[in-house]
Visitor: 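Quick one: structure below, then a few questions.
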Amino acid sequence: MKKFIYIVCMVITCNLLTVPVCAENKDNSVSIIGESAIVREVETGDILYEKNIDTERYPASITKIMTALVVLDNRELEDEVTFTEEALSSIESGSSAAYIKPGETLTVEQSLYIMMLHSANDVAHGLAYEVGGDLNGFANLMNKKAAELGCTKTHFVNASGLTEENHYTTANDMSKIAREAYKNKILLRIMETAKYELSATNKCNEPRSWTNGNRMIRKGSEYFYEPCLGGKTGYTVAAGGTLVTYAKIKDTILECVVLKSQNSATAYEDSIKLYKYLEKNQDFSVYKEKEEEPTVQDTTLETEKEPENIIYDKTETPLEKAISLVKIAVFVLIILCVGVILRILYVQRQRRKRRKAMKKRRQQKNGTRKRR
């Protein structure tokens with residue numbers, strides 16, 4: 001019985017300490033849950049890993065990378081966007097939103113930060129109406145941009161990524177879009193931002209803040225990955241977990257696209273597993289990262305002034321700190337429980353020994369009396 005209890009305690013302790021995404025593939029191969037995936041070297045476009053890269057999939061909110069590119073092609077950062085009732089009501093009820101109010105005015109820059117960090121569908125559609133006149137007009141701009149980037153199996157219907165039958169892409173096409181996004185210094189800066197704070201507006205007197213939904217750049221998250229340079233998350237029931245990320249591995253910039261993973265958590269696990277596999281097995285000596293910064297497609301959007309109210313470091317949120325403390329407390333509690341159980345087993349064993357010794361002495365005394 002004591003062996004059984006001891007084994008159970010050890011199993012619980014080991015499971016608590018185990019981090020699934022860190023496990024190495026001993027057979028020198030890699031297997032992921034995502035049904036489609038690709039990893040490219042950003043500078044050359046070389047494909048380092050591929051799985052069903054030309055199969056059409058729903059992209060979910062990684063669509064917003066293309067939305068941001070089209071907006072940056074057509075508007076200045078300081079241009080204003082007034083969100084209409086028509087635009088705000090065009091999103092699916094209950095979907096991710098920043099709850100921008102009808103008539104509220106933000107700059108293009110503020111809108112892009114909120115859309116990308118919070119994956120705000122209302123902001124995405126507000127930008128679409130501002131730039132394209134309506135969703136169809138903006139989708140035409142998105143599809144034109146996709147064709148220019150060499151995408152052959154991609155068709156966009158909306159700016160948010162909400163599921164529609166004719167709204168699809170492939171891992172291969174999405175990686176081309178992601179590669180273009182990395183070249184845009186403004187968009188890259190947004191995607192690597194941990195938290196954005198918005199001051200009062202014409203419709204809201206209180207400041208608001210949004211934390212980046214990408215847990216690979218947030219310290220304290222179980223999916224924090226130090227080499228990650230940012231990216232964009234996505235999830236719908238139909239699309240599953242989708243994820244675009246960038247990482248610097250051995251002085252080489254890689255981009256990873258995962259489509260149709262089981263959920264957001266497995267999309268993180270898939271991406272980290274692929275990065276770690278390539279770090280271990282890929283020869284990066286053929287690549288030499290250029291020293292110059294990524295080029296901006298529209299130089300008129302570049303600005304020397306850093307935007308205010310932006311936190312670039314990967315700081316822990318209060319919730320993440322609380323989760324970390326809870327994990328530590330649970331671990332300590334389990335260790336204490338194991339110690340108490342082992343102590344109880346030890347005391348019981350000692351008592352059994354004493355009882356056996358006392359019984360043996362009584363038997364010896366009884367034997368002596370009988371002989372007399």
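What you see below is based on every heavy atom in this structure, not just the backbone, and it leaves out hydrogens, waters and symmetry mates.
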Visitor: Identify, with sequence neighbours excluded, every residue that meets side chain to side chain contact (heavy atoms under 4.5 Å, CB included) alongside E78.
Guide: E76

Visitor: T44 and E41: side-chain donor and acceptor closer than 3.5 Å?
Guide: yes

Visitor: Could you list who else is in V157's hydrophobic cluster, with ILVMFWY side chains joined at under 4.5 Å, directly or through other members?
Guide: none

Visitor: Going by side-chain hydrogen bond (donor to acceptor under 3.5 Å, both in side chains), name the residues that satisfy it together with R57, two or more places apart in sequence or in a different chain.
Guide: E35, S36

Visitor: For the pair R208 and E104, evaluate salt bridge (charged side-chain N to carboxylate O under 4.0 Å, His left out) and give the outcome as yes or no after the intermediate values.
Guide: CA-CA 14 Å; R208 288 165 285 179; E104 189 164 5; 2.4 Å; yes

Visitor: Please list, chain by chain and in numerical order, all residues satisfying side chain to side chain contact (heavy atoms under 4.5 Å, CB included) with P102, sequence neighbours excluded.
Guide: E85, L88

Visitor: Got a sec, which residues hit side chain to side chain contact (heavy atoms under 4.5 Å, CB included) with T236, two or more places apart in sequence or on another chain?
Guide: A60, T163, A238, A239

Visitor: Any idea which heavy atoms bring M116 and A68 closest together, and the distance?
Guide: SD-CB, 4.2 Å

Visitor: Return the minimal non-hydrogen interatomic distance between L243 and S271, and the atom names on each side.
Guide: CD2-OG, 3.3 Å

Visitor: Nearest 0.5 Å, please: how far is OG in S261 from CD in E269?
Guide: 8.0 Å

Visitor: Taking E255 for its side chain and R179 for its backbone only, find out whether a donor-acceptor pair lies under 3.5 Å.
Guide: yes

Visitor: So, E80 and R75, do they make that salt bridge, N to O below 4.0 Å?
Guide: no

Visitor: Is a donor on one side and an acceptor on the other found under 3.5 Å between the side chain of T63 and the backbone of A159?
Guide: no

Visitor: State which residues pass side-chain hydrogen bond (donor to acceptor under 3.5 Å, both in side chains) with D54; sequence neighbours excluded, sorted by chain then number.
Guide: N172

Visitor: For the residue pair T242 and P59, what are the closest heavy atoms and their distance?
Guide: OG1-O, 2.8 Å

Visitor: Using the side chain to side chain donor-acceptor pair (under 3.5 Å) definition, which of the options D73, N140, T154 pairs with K145?
Guide: D73

Visitor: Carefully, step by step, assess N143 and H155 under the rule side-chain contact (heavy atoms from CB on, under 4.5 Å).
Guide: CA-CA 6 Å; N143 291 322; H155 187 264; 3.7 Å; yes

Visitor: Could you check whether any side-chain heavy atom of I38 comes within less than 4.5 Å of a side-chain heavy atom of L48, counting everything from C-beta outward?
Guide: no

Visitor: Between Y196 and L117, is there a donor-acceptor pair closer than 3.5 Å when you use the side chain of the first and the backbone of the second?
Guide: no

Visitor: Any non-hydrogen side-chain atom of L112 less than 4.5 Å from a side-chain atom of L72?
Guide: yes

Visitor: Just verifying a value: how many Å separate Q262 CD and Y235 OH, rounded to the nearest 0.5 Å?
Guide: 9.0 Å

Visitor: For a 4.5 angstrom cut-off between non-hydrogen side-chain atoms, does I62 reach T233?
Guide: no

Visitor: If you compare all heavy atoms of Y268 against all heavy atoms of R215, which two are closest, and at what distance to 0.1 Å?
Guide: OH-N, 3.1 Å

Visitor: Taking atom types as modelled and ignoring hydrogens, do the side chains of S96 and N121 form a donor-acceptor contact shorter than 3.5 angstrom?
Guide: no

Visitor: Share the residues that join I33 in a hydrophobic cluster, the rule being Ile, Leu, Val, Met, Phe, Trp or Tyr side chains under 4.5 Å apart at the heavy-atom level.
Guide: none

Visitor: Which residues satisfy the ring-ring contact (aromatic ring centres under 6.0 Å, His included) test with H167, sequence neighbours excluded?
Guide: F156

Visitor: If hydrophobic residues (ILVMFWY) are linked whenever their side-chain heavy atoms come closer than 4.5 Å, directly or via other members, who joins I91 in its cluster?
Guide: L162

Visitor: For N202, check side-chain hydrogen bond (donor to acceptor under 3.5 Å, both in side chains) against everything at least two apart and list the hits.
Guide: none

Visitor: Kindly compute the distance separating CE (M191) from CG (N184), expressed to the nearest 0.5 Å.
Guide: 8.0 Å

Visitor: With a 4.0 Å cut-off on N to O distance, would you call K248 and E279 a salt bridge?
Guide: no

Visitor: Which pair of non-hydrogen atoms, one from H118 and one from A97, has the smallest distance, and what is that distance?
Guide: NE2-O, 3.0 Å

Visitor: Just to verify, what does V347 make a side chain to side chain contact (heavy atoms under 4.5 Å, CB included) with, not counting sequence neighbours?
Guide: R343, R351

Visitor: Mind checking whether V71 and M66 have side chains closer than 4.5 Å, heavy atoms only?
Guide: no

Visitor: Could you check whether any side-chain heavy atom of Y49 comes within less than 4.5 Å of a side-chain heavy atom of I32, counting everything from C-beta outward?
Guide: yes

Visitor: For the atom pair CZ (R218) and OH (Y223), what is the distance rounded to the nearest 0.5 Å?
Guide: 12.0 Å

Visitor: S61: which residues meet the side-chain hydrogen bond (donor to acceptor under 3.5 Å, both in side chains) condition with it, sequence neighbours left out?
Guide: K64, S119

Visitor: Have D46 and Y287 got a donor and an acceptor in their side chains that come within less than 3.5 Å?
Guide: yes

Visitor: Less than 4.5 Å apart, any side-chain heavy atom of L127 and any of F138?
Guide: no

Visitor: Which atom names give the shortest non-hydrogen contact between T170 and T55, and what distance separates them?
Guide: CG2-O, 3.5 Å

Visitor: Answer whether the closest heavy-atom distance between the side chains of R40 and K176 falls below 4.5 Å.
Guide: yes

Visitor: Any chance the side chains of T245 and Y275 put a donor and an acceptor closer than 3.5 Å?
Guide: yes

Visitor: Is the shortest heavy-atom distance from the side chain of I53 to the side chain of D173 under 4.5 Å?
Guide: no

Visitor: Do the ring planes of Y182 and Y246 sit parallel (below 30°), tilted (30 to 60°) or perpendicular (above 60°)?
Guide: tilted

